[in-house]
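Whatever order the structure lists them in is the order used to number ligands and atoms, beginning at 1. Only a predicted model underlies this, so the values are computations on that prediction, with no experimental measurement involved.
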Amino acid sequence: MSARVIDGNALAAKVRGEIAARAAALGGRGEQPGLAVVLIGNNPASAVYVRNKVAACEKAGIRSLKLEYPADVAPAVVMAKLAELNADATVHGILVQLPLPPQFDEGAVLEAISVAKDVDGFHAENVGRLSQGQEAFLPCTPHGVMRMFEAEGVSLSGAEAVVIGRSNIVGKPMAMLLTQAGATVTVCHSRTRDLAFHTRRADILVAAIGKPRFVTADMVKPGATVIDVGINRLPDGKLCGDVDFAGVSEVAGLITPVPGGVGPMTITMLLENTVISAERVARARQV
Ligand code: NDP
């Protein structure tokens with residue numbers, strides 16, 4: 001069997017076209033969406049992510065503001081800037097690129113961002129709202145994956161879903177969204193005793209581990225939908241996912257590639273959240 005490959009670039013381009021139209025409409029009403037991106041330190045991967053996010057904003061008609069700090073910046077300096085951005089009416093979304101240098105308390109930084117501008121969906125209040133099924137900014141990566149399921153007509157209700165990874169930014173929210181969509185969800189991690197036992201039962205398998213080509217064909221149920229969130233850089237400089245694409249695509253029914261799968265949808269959801277935030281402000285101004 002050869003799996004159908006989900007084209008994340010094509011889906012992202014379609015959704016970004018819709019987002020650009022919404023951003024233009026907002027601009028016409030005097031509320032041009034704006035995203036502030038805070039980058040601390042010199043992690044090369046973070047620098048690439050921030051560059052991609054800023055470029056995507058520009059293409060979609062979203063104003064972006066990039067704030068860069070050296071790795072040894074005092075947390076108080078960043079906290080003061082976040083307070084300023086929270087109060088800035090031209091900024092609708094604020095993102096602090098993770099990971100942060102060791103002098104920072106990550107939770108405190110994320111909670112210093114106004115809930116209304118938390119377009120990454122990492123603030124504890126947004127996480128709580130998501131867990132209760134209330135309206136919230138959804139974390140971009142798992143939200144992007146849900147949009148892929150929708151676009152591909154993947155049926156989630158009653159499906160066996162296995163998520164490998166339990167991070168706050170991918171694994172946990174992914175499991176919550178799948179649960180809300182009616183899947184029966186198992187979350188696996190480094191302490192899971194027999195990982196392949198779980199993954200072989202999965203109709204939907206999401207890998208968010210950070211280990212190159214970790215999921216192999218023998219771990220996958222024939223016909224399964226396999227979503228590869230991982231982004232790993234190989235010694236030769238090339239990118240690869242957490243799934244052994246060549247082998248697994250012989251077994252799976254549907255699969256995402258790396259690059260060109262989940263990554264472009266993550267940035268797209270960030271743009272969408274920023275536009276949603278600006279739309280809320282524009283609506284509130286009218287009433
Ligand atoms: P984390 O390192 O925070 O989490 C990794 C998870 O994988 C942990 O829960 C860990 O378990 C689990 N894990 C590690 N080793 C094993 C193992 N041998 N067996 C089973 N589980 C294991 O990573 P993130 O969630 O932040 O990111 C995961 C991957 O996704 C990375 O490659 C990252 O670059 C990528 N990523 C991609 C994005 C995109 O847009 N496509 C966005 C965000 C991330 P434990 O908790 O027990 O340690």
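- Where the criterion is an N or O separation shorter than 3.5 Å, residue side chain and backbone included, D242 fails it with respect to ligand 1.
- Nearest protein heavy-atom neighbour of atom 11 (O) of ligand 1: S190 N, 3.2 Å.
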With a 3.5 Å cut-off and sequence neighbours excluded, list the donor-acceptor pairs that the side chains of residues 61-70 form with protein atoms.
from : atom 1 : to  : atom 2 : distance (Å)
R63  : NH2    : T90 : O      : 3.3
R63  : NH2    : T90 : OG1    : 2.8

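- Closest to atom 9 (O) of ligand 1 among all protein heavy atoms lies R166 N, 2.8 Å.
- In this structure, CZ in R200 is found 9.5 Å from CG in L195, a value given to the nearest 0.5 Å.
- Nearest protein heavy-atom contact of atom 42 (C) of ligand 1 is T141 OG1, 3.2 Å.
- Shown in contact with N232 at under 4.0 Å from a heavy atom are these atoms of ligand 1, numbered in order with element: 32 (O).
- Shortest contact from atom 14 (C) of ligand 1 to any protein heavy atom: I209 CG2, 3.6 Å.
- Residue-environment remark: CG (N42) stays at or below the threshold of 12 foreign heavy atoms within 6.0 Å.
- Scanning the protein for heavy atoms near atom 19 (N) of ligand 1, the closest one is F214 CZ, 3.6 Å.
- Summary of contacts: the protein heavy atom closest to atom 21 (N) of ligand 1 is H189 C, 3.1 Å.
- The contact set between ligand 1 and G230, taken as ligand atoms under 4.0 Å from a residue heavy atom, comprises 29 (C), 30 (O), 32 (O), 35 (C).
- The shortest separation from a heavy atom of G263 to ligand 1 is under 4.0 Å, placing the residue in contact.
- Residue R213 qualifies as open at atom CZ: its count of foreign heavy atoms under 6.0 Å is 12 or below.
- Among I164, V170, L98, V262, the residue whose heavy atom lies nearest to atom 27 (O) of ligand 1 is V170.
- When every heavy atom of A217 is checked against every heavy atom of G247, the shortest pair comes out as CB-O, 3.6 Å.
- Shortest non-hydrogen contact noted between A282 and R29 is CB-NH2, 3.7 Å.
- Taking every non-hydrogen atom of T266 and a distance limit under 4.0 Å, the qualifying atoms of ligand 1 come out as 39 (C), 40 (O).
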Q: Could you please spell out the steps behind the side chain to side chain contact (heavy atoms under 4.5 Å, CB included) verdict for L156 and L178?
A: CA-CA 7 Å; L156 300 175; L178 284 164; 4.0 Å; yes

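- Closest to atom 29 (C) of ligand 1 among all protein heavy atoms lies G210 N, 3.7 Å.
- When all heavy atoms of H92 and V119 are compared, the closest pair comes out as O-CG1, 4.2 Å.
- Against a heavy-atom cut-off of under 4.0 Å, K211 is close to the following atoms of ligand 1: 14 (C), 15 (N).
- With ligand atoms numbered from 1 in the order given, ligand 1 contributes 26 (O) to contacts under 4.0 Å with heavy atoms of I169.
- For atom 28 (C) of ligand 1, the candidate residues are A208, P212, G144; the nearest heavy-atom contact is made by A208.
- Residue V229 holds the heavy atom nearest to atom 35 (C) of ligand 1 of all those in L239, V229, V145.
- Polar contact check, R191 against ligand 1: no nitrogen or oxygen pair lies under 3.5 Å apart.
- Atoms of ligand 1 lying under 4.0 Å from any heavy atom of G165, numbered from 1 in the order shown and given with element: 6 (C), 7 (O), 9 (O).
- F245 places a side-chain heavy atom less than 4.5 Å from the side chain of I255.
- For CD of E135, the number of neighbouring non-hydrogen atoms (other residues, nucleotides, ligands) closer than 6.0 Å is 12 at most.
- The pair R22-E279 meets the salt-bridge criterion, since a charged nitrogen lies less than 4.0 angstrom from a carboxylate oxygen.
- Here I231 has heavy atoms under 4.0 Å from ligand 1 in both its backbone and its side chain.
- A distance of 5.5 Å separates CG of D242 from CG of D228, quoted to the nearest 0.5 Å.
- A salt bridge does not link E160 with K221: every distance from a Lys NZ or Arg NE/NH1/NH2 to an Asp or Glu carboxylate oxygen is 4.0 Å or more.
- Of the protein's non-hydrogen atoms, the one nearest atom 25 (O) of ligand 1 is S167 OG, 2.5 Å.
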